[in-house]
**Student:** 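Got a structure here, written out as structure tokens. Questions coming.
Counting starts at 1 for both ligands and their atoms, following the listed order. Quick note: residue numbers are just sequence positions, from 1.
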Amino acid sequence: MNIAAIYELFLAHPNVTTDTRKITEGAIFFALKGPNFNGNNFAANALAQGAAYCICDEKQPTNDHRIIYTDDVLTTLQAIAKHHRQQFNIPFIAITGSNGKTTTKELVHAVLSEHYKCYTTVGNLNNHIGVPLTILSIKKDAEIAIIEMGANHQKEIESYCTYTLPTHGLITNCGKAHLEGFGGVEGVRKGKGELFKYLASNNGTAIINTDLDYLVPMSAGIKNIVTYGTQNGRITGFVKNDAHFVEVSINHNETLQSIHTQLAGGYNIANILSAVCIGKLFNVPDEKIKNALEHYTPSNSRSQIIIKDTNTIILDAYNANPSSMKAAIENFAHMEGNKKVVIIGGMMELGEDSVAEHTAIIKLLQKYHWYHVVLAGKDYVNVPETYLKFDDASAIANWYHQQQFENTHILIKGSRAMAMEKVLG
Ligand code: ATP
Ligand code: MG
């Protein structure tokens with residue numbers, strides 16, 4: 001069946017899923033193949049659960065007319081998403097970068113939703129399956145769409161752009177994340193830069209953080225550029241107070257002199273400024289920008305502050321890479337409190353740089369005075385004698401629960417695979 005015909009089915013059955021555990025009555029099931037599963041094997045099951053149609057690329061044992069064959073289910077999903085995207089003549093804002101994509105996406109969404117009907121990526125569905133599913137979740141009443149794009153290798157962002165057709169783009173930063181797949185920091189810039197390349201060739205608008213010098217050459221050829229930063233830009237601002245929750249001030253703006261966010265970590269300044277910048281770009285009134293930024297609360301262990309008895313815990317167990325780890329440690333070092341405990345797990349996907357990057361984190365830690373440093377992760381080698389090292393988060397939990405911390409500040413951070421939230425469990 002061709003794309004136009006499948007798109008007609010989608011219009012009549014707009015619920016799309018790739019997971020038989022999430023089938024709803026009348027949904028269309030896209031039978032994707034992954035490293036550990038083959039959706040084609042679940043087609044009959046999907047129909048039995050109420051799916052209206054199954055899109056398959058392997059012959060099924062039945063002749064059921066509800067099974068639709070295509071050459072490749074993933075390509076079909078992306079093509080249907082492109083077709084859907086083309087029905088909208090509205091801004092599509094793409095957000096990529098090494099760190100802070102979801103936070104930025106959620107802040108931008110909060111700000112724009114004060115004034116427009118917005119659709120955005122749910123949670124972290126930011127890959128070659130999540131991006132098309134996000135596009136397909138956009139309803140007719142949409143006025144703006146905000147799409148998070150995650151990538152760990154070259155040409156991935158370029159591919160998302162072919163069906164997302166972004167009109168606006170923001171690269172939060174190009175740090176040390178997914179070094180393995182991208183081939184070093186230069187590779188990260190090249191990979192993320194695919195978004196700006198697309199904008200340059202399609203008369204798009206880039207929203208640029210002037211604090212990051214490298215974004216300027218990356219944006220060559222883009223005619224429409226809007227800037228923000230702590231020093232220069234159309235929107236500038238600074239961290240007014242970094243006690244527990246960041247308080248931010250926007251320069252030359254009376255209403256936005258004091259934004260009390262519910263975000264932990266001064267590094268969020270960039271994420272907040274970008275949301276203000278985009279809000280202003282789309283003429284959201286200042287009071288509404290302030291309201292949105294003050295009410296946004298992060299979820300998923302992403303920089304949460306937990307006050308427990310007399311202790312303050314910063315739980316940032318959602319992910320970690322050398323840039324976000326450095327930002328979190330430096331931020332923690334500059335926070336108030338004189339009894340501080342750092343509990344950090346390993347960082348994944350660093351390839352041959354892994355030991356060096358973990359060693360750099362130990363060096364950074366040694367610049368400051370800590371009450372305890374507790375590590376878990378095989379690539380922390382040459383650990384100073386005064387630091388504790390455990391096998392994993394559960395082992396740290398045993399230690400943690402034997403301590404009787406009082407008036408202590410505790411930072412907990414590590415890659416998702418380290419499940420550092422278990423320390424508190
Ligand atoms: P993922 O790759 O998992 O989608 P992400 O880019 O969406 O991650 P967030 O989920 O917003 O990033 O934030 C994850 C962590 O990255 C935060 O908890 C924080 O430690 C760090 N972080 C967030 N924003 C920044 C920033 N602007 N600079 C450096 N680190 C940041
Ligand atoms: Mg994310």
**Student:** In terms of the angle between their ring planes, are His13 and Tyr53 parallel, tilted or perpendicular, with boundaries placed at 30° and 60°?
**Tutor:** perpendicular
**Student:** Taking distance alone, with N or O pairs closer than 3.5 Å, would you say Asn124 contacts ligand 1?
**Tutor:** yes
**Student:** Using 4.0 Å as the upper bound for N to carboxylate O, is an ion pair formed by Glu186 and Arg189?
**Tutor:** yes
**Student:** Give the C-alpha distance, both sets of side-chain angles, the deciding distance and a yes or no for ring-ring contact (aromatic ring centres under 6.0 Å, His included) between Phe282 and His168.
**Tutor:** CA-CA 12 Å; Phe282 288 98; His168 294 69; 5.2 Å; yes
**Student:** Quick one: does Thr102 get an N or O within less than 3.5 Å of an N or O on ligand 1?
**Tutor:** yes
**Student:** So with a 6.0 Å cut-off around NZ of Lys155, is the heavy-atom count from everything else above 12?
**Tutor:** no
**Student:** Which protein N, O or S atoms does the Mg ion (ligand 2) have within a distance shorter than 2.8 Å?
**Tutor:** Thr102 OG1, Asn124 OD1, Glu148 OE2
**Student:** Decide if the gap between the ring center of His409 and the ring center of Trp370 is smaller than 6.0 angstrom.
**Tutor:** no
**Student:** If we only count heavy atoms from C-beta on, is the Met149 to Lys101 side-chain gap below 4.5 Å?
**Tutor:** no
**Student:** With nothing but distance in play, are any N or O atoms of Gly100 less than 3.5 Å from an N or O of ligand 1?
**Tutor:** yes
**Student:** Considering distance alone, does some N or O of Glu148 sit under 3.5 Å from an N or O of ligand 1?
**Tutor:** yes
**Student:** Check whether Phe332 forms a cation-pi arrangement with Lys340 (NZ or CZ under 6.0 Å from the six-membered ring centre, at most 45° off the ring normal).
**Tutor:** yes
